[in-house]
Amino acid sequence: MIDRLVLVGVSHHTAPLPVRERLARLGENLRGTLDALHKLPGVAEGMVLSTCNRVELYGAGAPAERVASSLRGFVADQGLEPNGSGELYVRQGEAAARHLFRVAASLDSMVVGEPQILGQLKDAFQAAASAGTTGDCLHRTVGRAFAVAKRVRTETEVGRNAVSMASAAVELARKIFASLEGKRVLLVGAGEMATHAARHLAAQGVAALEIANRSPERADELAARFRDEGRDARGHALDRLPELLSEVDIVVSAAAADGWLLSRELVARAVKSRRFRPLFLVDLAVPRSIEPAAGDLPNVYLKDVDDIGGLVEQNAAHRAEEAGRAEQIIDGEVAELARVLRGRSAVPVLADLRRFGDQVAQAEARRTLSLVGGALDERQRASVEAMARAIVNKLLHQPTTRLRRAAELGVEGELADAVARLFGLEEGDGAAEPGGSPPDRDSED
Amino acid sequence: MSHALLGLATLAYCGAGVAYLWYLVHADAPAARFGVWGLAAGLVLHGAAISVGLLHHDFLPATNVREGLSLLAWLMGISYLVLDRKLHLPILGAFVLPLVLVVALPALAVPMPDLPLSPALHDGLLPFHVVIAFLGEALFAVASGVGFAYLVQERELKRRGRLAVLWAKLPALEVLDGLNRRLVLWGFALLSFTIVTGALVAKATWGSAWSWEPRELLAFVTWILFGGLVWARQLAGWRGRRVAVLTMAGFLLVMFSFVGLALCPVDRHGGMFQ
C-alpha cells in the first residue's frame, strides 16, 4: 500500500521564492485545491502542505504512476513547467514517505529543527481530513509522520538549539538595535506566523506591539490576547500603515497580499519623517508583501524569508550532526511503515476475509431483526447488530492476526491459501460478495 | 635605544593586529586574548621608548614627526585598550590595530633630524597642549576605526540573500554608533582645549594668540568639522552612516594637517616643534 503514495512539490531547496509564490496560491484556497485534487484521475486521496518554504501535494491511489502524472499536470496548470529546471520533485512509495517524515521532523526545513512545520502539517492534514480527501494510506503515513517527529524531537537535539524564522529575525534585529527593549514593533497580519513572531519579540521586552490587519477585528483580538499577558498592544486597520511606519522600529509582515502592502514609496515617506532612526523590515509573507526596493533606502534594513532562512543555515554544524541521527531514526521508521503497510496489503485474502465477515454479520443481523425487530426499541436493535459484529470479529481475530504477522515476515503464502480455502474465498471476490459493489481492495485494507 | 624599543613595540602591535584579524575571521577566543596581550606588551615597550626619549630631551618626545607619530600611535593603543577593557569588544581591535600600525610604522621609518628646539618649549603649558592634542587625535582615530566597522556592519546587514559571516561577530549598529558619538564628543572637547591652550602658549611665546598660519587654520577647520558633527548629532539627530563617513573624513584631515604640514616646515610650529 505504501507504493500508492505520491508526492509532488517545490521547496526552498529546489525553487526560488518567485516560483514558490506562484504555487502558494494553491494553499490560499485550500478547500478548492483539495476538491480539485480529489477529482484528478487516479487520485483517491489528497493533501496539500503549503508553507512559506514549500508547497507539496501528497496523493495516494493506484496506479501510482497515474497519480504522479495527474499531480504533475495539476502543478503545470499553475504555470510551473513540470520538467522545467528540476524545481519540481516527484517521489513515490517509500521515498515519498521518507520525505514526509523528514519534513515533519523538520529535517527538510530551512531552519532545521524549527518546530512550526509540525503544526503546519497537522493543519494541512486536518484540512484534508475535513474536506474528505484523506483515506487509509494518508491516515497511516501522516499519522506515523507525527510520531516520527516526536521521536526525533525527544531522542535527538535537532530541535534543541533550533531557531525559528521568528527567532532568526530577532537575532538580526539585535545587530541593528543595541537592545530590543523599549522598541516598538508593527505586525502586519494577525495569522499564526505573525503571532509567533510577536511572541518572540515580546519575549525580548519590546515596548509596544502594533498589529495591523486587513480585518481590524482580528488584529484587535490578537492585541487583546497580548494585553491579557500584560503587553502593550493595539490593533489597527491596514490604512493606518503610513502613520504606524513612522513610529515603529521593527516591522514584521506576515500578510500575503496581491500588491505590495509596503511599497518603496510608502517606506520612503516614513524614512523622511523618521530622520535617521533605523527601520528593520522583516517580510515573512509568501508572496512577499514589502517591495524589495524599500531595502535600498537609507537606514532601512529589509529581509525576506530567503534572507532569514539563509542566515540560520550558516551555523548548523551541531544540528547537522544531530540531523544525522534523526535520519537514522527516519530510515528505521520508513522501513517499519513499509513493512506494516505491505503486511496489510500483501495479503489480499485478509481484506476478503474481513469483507466476508462483515457481510455475514450484517446479513444475519438483518434476518434476525426482520423476524423479531418489531418488538424491539432502537437501542435493542442496535445491540443485536453489535452482537453479530462482535461474534464475527472474535472469530476472525486470531486468523487475521496470525496471517498479518506471517505477511510481515514474508511467509504468508501457505496460510493465505488455507484461509481462502477454509472460508471459501478462493473463487474470487464474487463468491464472498454476492451482489456487492466491485471490490476496491486497496481502499479497504 | 628608543628606536630599538619602538621597533619591538611595533612588532608586538603587528602580532596583535594579526591576532585581531584572525579573531575577526575565525572568532576563536584565544586569538582575541593574544591580541590584547600583544597590544599591552607593545604599549609597555612603546611607553619605555617614549620614557627614554623624555629623559634624553628633558621634554615630551614630540618634537618631530617621528616622535609625534609615535606618541599618537601610543595614545591610540591606550585609548583602544581602555575601550576594550570597558566594553569587551575585541572585534574592534581588527579595525583599530591596523590604524595603529599605519601610524606607528612611519614613525619607525622616518629619519629623525636633530633640529633646534622651539622657544615655545619653555612654556609650562606646552606639555598639556601637546598631550591633549595627541589624545584628541587618538580618539578621532579610534572613532574612525569604529566608523569603518559601522560601514562594514551596515553593508553586511543590508546585503540580501546569504549573509556573510561578519555580521554576527560585529556589534550592533546602534552600539557602534553610540561608541562613535562618545569618542567624537570627547575628541572634540580635547580639540577645543588644544586650541585654547595653543593660543595661550602662542600668546606667551610670540605675543599673538592666533596668526592664521596653515596649522592653526587646519586645526580650526577640523574643530569646525567635528563641532558640526557633534552639533548635527545632538540637535539635528544625525547618526549612522553619514556620521561614520564624516568621522573618517575628519580623521583624514587631522592626519593631513599632522603629517603634511610637519613635512613642509612653513610656520612657527615648524617641522614639528623645532
Side-chain angles (χ1 to χ4, degrees), chain A residues 12 16-18 110-111 163 167-183 204 246 249-250 271-283 288 290-317, chain B residues 24-28 83 86-89 91-92 146-147 149-184 228-247:
Chain A
H12 58 105
L17 195 45
M110 200 177 240
V111 181
V163 225
S167 66
V170 165
E171 203 182 334
L172 266 176
R174 287 166 166 288
K175 286 298 170 183
I176 294 170
F177 306 104
S179 149
L180 297 192
E181 255 171 67
K183 298 288 186 250
Q204 301 293 320
S246 44
D249 305 288
I250 300 170
V271 164
K272 246 189 193 146
S273 66
R274 303 171 56 84
R275 311 283 306 156
F276 293 85
R277 284 187 297 133
L279 178 63
F280 183 33
L281 303 176
V282 185
D283 193 353
R288 285 167 289 182
I290 304 176
E291 190 174 353
D296 302 333
L297 294 164
N299 299 308
V300 174
Y301 304 89
L302 168 63
K303 300 289 166 192
D304 64 27
V305 281
D306 273 4
D307 299 329
I308 291 182
L311 175 172
V312 245
E313 276 183 10
Q314 285 168 351
N315 47 9
Chain B
L24 181 73
V25 178
H26 298 283
D28 47 26
L83 204 69
K86 276 184 74 166
L87 301 174
H88 303 290
L89 292 174
I91 201 83
L92 291 179
V146 171
Y150 182 96
L151 295 184
V152 171
Q153 178 67 311
E154 190 194 41
R155 219 180 95 102
E156 288 285 290
L157 289 172
K158 278 251 179 194
R159 188 182 297 178
R160 307 299 307 280
R162 291 288 147 98
L163 281 169
V165 284
L166 269 184
W167 70 273
K169 301 173 194 166
L170 285 168
L173 289 177
E174 276 191 353
V175 169
L176 292 169
D177 193 49
L179 201 52
N180 174 291
R181 184 180 67 82
R182 277 183 287 166
L183 287 166
V184 168
L229 215 57
V230 169
W231 178 85
R233 211 189 241 291
Q234 302 303 117
L235 295 167
W238 284 24
R239 25 174 157 169
R241 178 185 186 79
R242 188 180 297 184
V243 177
V245 170
L246 285 174
T247 308

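The figures here come from the full heavy-atom set of this structure, side chains too, leaving out hydrogens, waters and symmetry mates. Lettering follows sequence order; numbering is per chain, from 1. In this text the structure is predicted, and so the values were computed from the model without any measurement.
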> Quick check: does any side chain N or O of A:Lys175 sit under 3.5 Å from a backbone N or O of B:Leu170, one acting as donor and the other as acceptor?
yes

> Take B:Leu157 and A:Phe280, measure what side-chain contact (heavy atoms from CB on, under 4.5 Å) needs, and give me the verdict at the end.
CA-CA 10 Å; B:Leu157 289 172; A:Phe280 183 33; over 6 Å; no

> For B:Ala236, does its backbone N or O pair with a side-chain atom of A:Arg275 as donor and acceptor, under 3.5 Å?
yes

> Check for a donor-acceptor pair, side chain of B:Glu174 on one end and backbone N or O of A:Ala178 on the other, with a separation under 3.5 Å.
yes

> Can you tell me how far CZ of B:Arg239 sits from CG of A:Asn299, rounded to the nearest 0.5 angstrom?
8.5 Å

> Considering only heavy atoms, which portion of A:Pro292 lies under 4.5 Å from any heavy atom of chain B: side chain, backbone, both, or neither?
both

> Chain A heavy atoms under 4.5 Å from B:Gln153: which part of the residue, side chain, backbone, both or neither?
side chain

> Which residues satisfy the side chain to side chain donor-acceptor pair (under 3.5 Å) test with B:Arg181, sequence neighbours excluded?
none

> Do side-chain atoms of B:Lys158 reach the backbone of A:Leu297 as a donor and acceptor pair under 3.5 angstrom?
yes

> Of all residues at least two apart in sequence or in a different chain, which pass the side chain to side chain donor-acceptor pair (under 3.5 Å) check with A:Gln204?
A:Arg174

> Go through the steps to decide whether A:Phe276 and B:Arg241 satisfy the test side-chain contact (heavy atoms from CB on, under 4.5 Å), and finish with yes or no.
CA-CA 9 Å; A:Phe276 293 85; B:Arg241 178 185 186 79; over 6 Å; no

> Testing the basics here: between B:Ala172 and A:Phe177, what is the closest heavy-atom pair and its distance to 0.1 Å?
CB-O, 3.5 Å

> Can you say whether A:Leu17 sits under 4.5 Å from chain B via the side chain, the backbone, both, or neither, judging by heavy atoms?
neither

